[in-house]
There are 2 protein chains.
Amino acid sequence: MRIGELAARTGASVRALRYYEEQDLLVPDRSSSGQRHYPEGAVDRVGLIRELYAAGLSSRAILEMLPHAADGRATTALLDRLAEERDRLDARIGELTDSRARLDSVIDGATTNLRTGRSCRPATG
Amino acid sequence: MRIGELAARTGASVRALRYYEEQDLLVPDRSSSGQRHYPEGAVDRVGLIRELYAAGLSSRAILEMLPHAADGRATTALLDRLAEERDRLDARIGELTDSRARLDSVIDGATTNLRTGRSCRPATG
DNA sequence: CTTGCCTCTCACGTCGACGTGAGGTTTTAG
DNA sequence: CTAAAACCTCACGTCGACGTGAGAGGCAAG
């Protein structure tokens, strides 16, 4: 099928599909006039790609995993890589949670200040 | 004091201080030759700015808050703005938590596949 | 043949908090 | 007076997943 149909069937934009190709995630055949032609399996492959994007992975991470995941058989290496990405996500969530805590203490200080008139100095840490 | 001393005393880079000025967060006087001169109060002000950055706020958000926060007196409007940013942070944390859950289900599928040999099809949602 | 949609390849715009030179001026220590 | 810091203003690079035209060729139907 051509790119428009694949886009319609997967929910990805045409631009996104071309982008996936740029990232070597999805490489179609070309007709003599240069048009992209995808096999049926591309639908599932795009589904997997989008699943991984939605799971917070970068295109580079997806690229490293696809050869191990696309054939439907998992590898220990694949699981390690996935765990690595999960840890990265956890770290990021931890950072944001810390930021949220800092913001809360700023809010606490400001609230106290509003009620008592005392100056609030930001806590370091 | 000049920019180098302020940088040393606050832990911000010289470039960062110039950037804060670009964002109208910290506007120093200028000597006749164009060099920046900051008053003592700039040290605390930079501390507050960095605190807010560390709390995950954007320069625009900080800019809107500073006039209400720098004088040491909190405002209801300021508290509302802070709460808004806290909600934004919570939303972002929620997104990442969702991504983490999706990644976990991918990992579960792959793990099952590795153990049983059964194909894992990504779950939608 | 023509209309009209599909597709193609560039290639810049997005968003944010700076990092990092380039090239020139000012201040300060000796 | 001199040389080394410190300072100045541009202005591009970073990172990622596309969005959004521009300008042109391709394809099926009437």
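For the numbers below, each heavy atom of this structure counts, side chains included, while hydrogens, waters and symmetry mates do not. Proteins come first, then strands; the chains are lettered A, B, ... in the order of their sequence lines, and each starts at number 1.
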Return the polar atom pairs (N/O with N/O) between nucleotides 26-29 of chain C and the protein under 3.5 Å, or none.
residue: dT26(C); atom: O3'; partner: Ser33(B); partner atom: OG; Å: 3.2
residue: dT27(C); atom: OP1; partner: Ser33(B); partner atom: OG; Å: 3.1

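- Residues Gln35(A) and Arg30(A) bring no donor and acceptor atom of their side chains to less than 3.5 Å of each other.
- Contact annotation: the side chain of Arg36(A) never approaches that of Asp29(A) to less than 4.5 Å [non-hydrogen atoms, C-beta and beyond].
- Among the candidates Leu26(A), Val46(A), Val43(A), the single residue satisfying the side chain to side chain contact (heavy atoms under 4.5 Å, CB included) test with Tyr38(A) is Leu26(A).
- With sequence neighbours left out, Tyr53(A) forms a ring-ring contact (aromatic ring centres under 6.0 Å, His included) with Tyr20(A).
- Residues Leu89(A) and Leu57(A) have side chains not in contact (no heavy-atom distance under 4.5 Å, counting atoms from C-beta outward).
- Boundaries of the chain A contact region on DNA chain D are dA17(D) to dC27(D), first to last in 5' to 3' order (nucleotide atom under 4.0 Å from a heavy atom).
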After noting the C-alpha distance and the side-chain angles of Arg81(A) and Glu64(A), does the key distance pass the salt bridge (Lys or Arg N to Asp or Glu O under 4.0 Å) rule? CA-CA 9 Å; Arg81(A) 196 74 181 77; Glu64(A) 289 176 32; 2.6 Å; yes
Can you give the donor-acceptor pairs under 3.5 Å from side chains of residues 3-18 of chain B to other protein atoms, not counting sequence neighbours?
residue: Arg9(B); atom: NH1; partner: Glu40(B); partner atom: OE2; Å: 3.1
residue: Arg9(B); atom: NH2; partner: Glu40(B); partner atom: OE1; Å: 3.1
residue: Thr10(B); atom: OG1; partner: Leu6(B); partner atom: O; Å: 2.8
residue: Thr10(B); atom: OG1; partner: Ala7(B); partner atom: O; Å: 3.4
residue: Thr10(B); atom: OG1; partner: Ala12(B); partner atom: N; Å: 3.2
residue: Ser13(B); atom: OG; partner: Ala16(B); partner atom: N; Å: 2.9

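- Taking a 4.0 Å limit (strictly below) on heavy-atom distances, residues 5-24 of chain B reaches DNA chain D at Arg15(B), Arg18(B).
- The side-chain heavy atoms of His37(A) and Arg2(A), taken from C-beta on, include a pair separated by under 4.5 Å.
- As judged by a 4.0 angstrom heavy-atom cut-off over every strand, Arg30(B) is placed among residues touching the sugar-phosphate backbone only.
- Hydrophobic clustering, with ILVMFWY side chains joined whenever heavy atoms are under 4.5 angstrom apart, keeps Leu52(B) apart from Val27(B).
- Residues Leu48(B) and Leu66(B) are in side-chain contact: their nearest non-hydrogen atoms beyond the backbone lie under 4.5 Å apart.
- Using a 4.0 Å cutoff on non-hydrogen atoms, no part of residues 89-99 of chain A comes near DNA chain C.
- Annotation: side chain of Met65(A) is in contact with side chain of Glu85(A) (closest heavy-atom distance under 4.5 Å).
- Atoms CG and CD1, from Leu25(A) and Ile49(A) in turn, are 5.0 Å apart once rounded to the nearest 0.5 Å.
- Salt bridge present: Arg100(B) and Asp90(A) bring a charged side-chain N and a carboxylate O closer than 4.0 Å.
- Both Gly4(A) and Arg60(B) lie near DNA chain C, and the one whose nearest nucleotide falls closer to the 5' end is Gly4(A).
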